[in-house]
Amino acid sequence: MERVYEDRPEVWKKAIGDSLLFHLGIYRDGASSLEEAGVRFLKHTLELADVEAPMRVLDVGCGWGGVLQYLAKRFADCPRLDGINISAEQLAYAAAGIRRGSLDDRVRLFLCNAQDVRFLPRAPGRVPFARFDHGIP
C-alpha cells in the first residue's frame with residue numbers, strides 16, 4: 001500500500017491541484033477552481049461537525065499535510081495537531097510546508113500505519129472527523 005503514496009508531489013498536483021489538499025470538493029454557482037471547491041468542502045465539513053476550538057487534532061492519513069496546515073491556521077489557539085501517514089515521501093513534503101508556515105511548534109508528524117495505532121475510545125469533547133470519499137458515485 002505504501003508504494004501507492006510514494007509518487008512525487010508534482011504528479012499528484014496535476015490531478016488534485018497545487019495545494020494537494022483534496023480530491024473532492026463542493027462546487028457552487030457554476031464555476032469554482034479545484035482549490036476553492038476543496039476549501040469549501042473542508043469548511044462545510046467543519047461547520048457540520050460544529051468544530052469551533054479544538055484542543056487537539058489528529059489527522060489520520062494526513063498525506064501531503066495540506067489539511068493539517070489549513071487547520072493549524074484556522075485554529076491558531078489549538079496547541080497540538082498531529083498527523084500520521086504511511087508515506088515517508090508525503091511526510092517529508094508535509095514537514096517542509098509546516099516549517100515554511102512556521103507551524104512546527106504545534107504540528108507534529110508521525111510515520112506509521114493507522115492500523116498499528118491504538119486509538120482511545122470516544123470521550124466527551126472529542127469529535128470524530130472522517131472522510132469516506134473513495135468509490136462514491
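What's counted below: heavy atoms across the whole structure, side chains too, no hydrogens, waters or symmetry copies.
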Ala92: side-chain contact (heavy atoms from CB on, under 4.5 Å) partners, not counting sequence neighbours
none
Please report the closest heavy-atom contact between Cys112 and Ile86, naming both atoms and the distance.
O-CG2, 3.3 Å
So, Arg106 side chain and Leu81 main chain: donor-acceptor pair closer than 3.5 Å or not?
no
Can you give me the closest heavy-atom contact between Ala114 and Val60, atom names plus distance?
CB-CG1, 3.4 Å
With a 4.5 Å cut-off on side-chain heavy atoms, are Leu71 and Val107 touching?
no
For the CZ atom of Phe110 and the CG atom of Asn85, what is their distance to the nearest 0.5 Å?
13.0 Å
For Cys78 versus Arg56, what's the shortest heavy-atom pair and its separation?
SG-N, 3.8 Å
With sequence neighbours left out, write down each residue that passes ring pair (Phe, Tyr, Trp, His ring centres under 6.0 Å) with Tyr70, or none if nothing qualifies.
none
Look at the side chain of Arg108 and the backbone N and O of Arg80, then say whether any donor-acceptor pair between them is shorter than 3.5 Å.
no
To the nearest 0.5 angstrom, please state how far the NZ atom of Lys73 sits from the OG atom of Ser102.
9.5 Å
Are any of the side-chain heavy atoms of Trp64 and Glu89 separated by less than 4.5 Å?
yes
Are there over 12 heavy-atom neighbours, none belonging to Lys13, within less than 6.0 Å of that residue's NZ?
yes
As an exercise, state the distance from CG of Asp82 to CG of Leu68, rounded to the nearest 0.5 Å.
8.0 Å
To check you understand the geometry: which heavy-atom pair defines the closest contact between Ile26 and Phe41, and what is its length?
CD1-CA, 3.7 Å
Going hydrophobic residue to hydrophobic residue with side-chain gaps under 4.5 angstrom, can you get from Leu111 over to Leu109?
yes
In the structure I gave you, are the side-chain heavy atoms of Cys62 and Ile84 within less than 4.5 Å of one another anywhere?
no
Exceeds 12 heavy-atom contacts within 6.0 angstrom, atom CG of Asp105
yes
Check Tyr27 against Ser33 and note the closest heavy-atom contact, atom names and distance.
CE2-O, 4.0 Å
Shortest non-hydrogen contact from Pro79 to Pro54?
CD-O, 4.4 Å
Considering only heavy atoms from C-beta outward, does the side chain of Arg74 approach that of Leu42 to under 4.5 Å?
no
For Tyr93 and Ile98: C-alpha separation, side-chain torsions, deciding distance, then whether side chain to side chain contact (heavy atoms under 4.5 Å, CB included) applies.
CA-CA 9 Å; Tyr93 185 90; Ile98 288 163; over 6 Å; no
